[in-house]
Trainee: 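My questions will all concern the structure given below.
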Amino acid sequence: MEKCILCGRCVKVCDEVQGVGAIDYAYKGFGTKICPPFERDLDCEFCGQCVSICPTGALVAKPSLCKGRTRDVRRVRPSALLRLRLRRHLRCGSRTR
Ligand code: SF4
């Protein structure tokens with residue numbers, strides 16, 4: 001939860017939209033974090049609403065862990081010059097200018 005900015009969107013969607021209340025704020029001040037109420041076991045329906053509404057990517061679905069958010073990732077075709085430089089860089093094993 002290093003990326004969490006404590007915006008509360010996940011708490012709100014879980015409580016008000018889904019009506020589950022599986023997550024909430026815990027502690028105060030710098031120790032505030034998002035977790036199940038009273039840090040009990042997670043009683044979640046795994047609807048994915050919190051994951052889809054999280055603006056920072058602090059909550060991600062397990063299959064997309066460490067892959068970035070698909071809406072943020074865009075494939076681009078590198079230019080010929082860049083491909084050449086990359087090839088040269090990889091062949092030499094060191095950085096070239
Ligand atoms: S929506 Fe994401 S950033 Fe906002 S409080 Fe929940 S986990 Fe933190």
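Read the numbers this way: they start at 1 and go in the same order the structure lists the ligands and their atoms.
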Trainee: How far does CZ of R40 sit from SG of C35, to the nearest 0.5 angstrom?
Mentor: 11.5 Å
Trainee: Need the ligand 1 atom indices (1-based, order shown) with element for anything under 4.0 Å from a heavy-atom of C10.
Mentor: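 Atoms satisfying the 4.0 Å criterion: 1 (S), 5 (S), 6 (Fe), 7 (S).
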Trainee: Would one find an N, O or S atom of C7, in either backbone or side chain, under 2.8 Å from atom 2 (Fe) of ligand 1?
Mentor: no
Trainee: Is it the side chain (CB and beyond), the backbone, both or neither of V11 that lies under 4.0 Å from ligand 1, heavy atoms counted?
Mentor: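 Neither; no heavy atom under 4.0 Å.
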Trainee: Among V13, V17, L59, find the one that has a side-chain contact (heavy atoms from CB on, under 4.5 Å) with I53.
Mentor: V13
Trainee: Is the distance from atom 8 (Fe) of ligand 1 to some N, O or S atom of C4 under 2.8 Å?
Mentor: yes
Trainee: Please report which non-hydrogen protein atom sits nearest to atom 2 (Fe) of ligand 1, along with the residue it belongs to and the distance in Å to one decimal place.
Mentor: C54 SG, 2.3 Å
Trainee: So, applying side-chain contact (heavy atoms from CB on, under 4.5 Å) with R9, which one of P55, S52, C50, C54 is it?
Mentor: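 Option passing the side-chain contact (heavy atoms from CB on, under 4.5 Å) with R9: P55.
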Trainee: Side-chain heavy atoms under 4.5 angstrom apart, residues restricted to Ile, Leu, Val, Met, Phe, Trp, Tyr: same cluster for I23 and L6?
Mentor: yes
Trainee: Closer than 4.0 Å to some heavy atom of P55 - which atoms of ligand 1 meet that?
Mentor: 1 (S)
Trainee: Out of all atoms in ligand 1, which are within 4.0 Å of some heavy atom of G8? Include the element for each.
Mentor: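 Per the distance check, 4 (Fe), 5 (S).
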Trainee: Distance from E39 atom CD to D24 atom CG, nearest 0.5 Å?
Mentor: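 E39 atom CD to D24 atom CG measures 11.5 Å (nearest 0.5 Å).
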Trainee: Where the side chain of Y27 meets the backbone of I34, is there a donor-acceptor pair that is under 3.5 Å apart?
Mentor: no
Trainee: What's the separation between atom SG in C44 and atom CD in Q49, rounded to the nearest 0.5 Å?
Mentor: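 Output value for this atom pair is 11.0 Å.
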Trainee: If the cut-off is 4.0 Å to any non-hydrogen atom of L59, which atoms of ligand 1 fall inside it?
Mentor: 7 (S)
Trainee: May I ask you to identify, for C50, whether its side chain, its backbone, both or neither come under 4.0 Å of ligand 1 on a heavy-atom basis?
Mentor: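 No part of C50 comes within reach of ligand 1.
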Trainee: What atoms of ligand 1 come within less than 4.0 Å of a heavy atom belonging to I5?
Mentor: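 Atoms satisfying the 4.0 Å criterion: 3 (S), 8 (Fe).
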Trainee: What's the verdict on side chain to side chain contact (heavy atoms under 4.5 Å, CB included) for R83 and R77, showing C-alpha distance, side-chain angles and the deciding distance?
Mentor: CA-CA 9 Å; R83 275 184 277 155; R77 184 170 164 75; 3.5 Å; yes
Trainee: Which of the numbered atoms in ligand 1 are below 4.0 angstrom from a heavy atom of T56?
Mentor: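 Here the atoms of ligand 1 in question are 3 (S).
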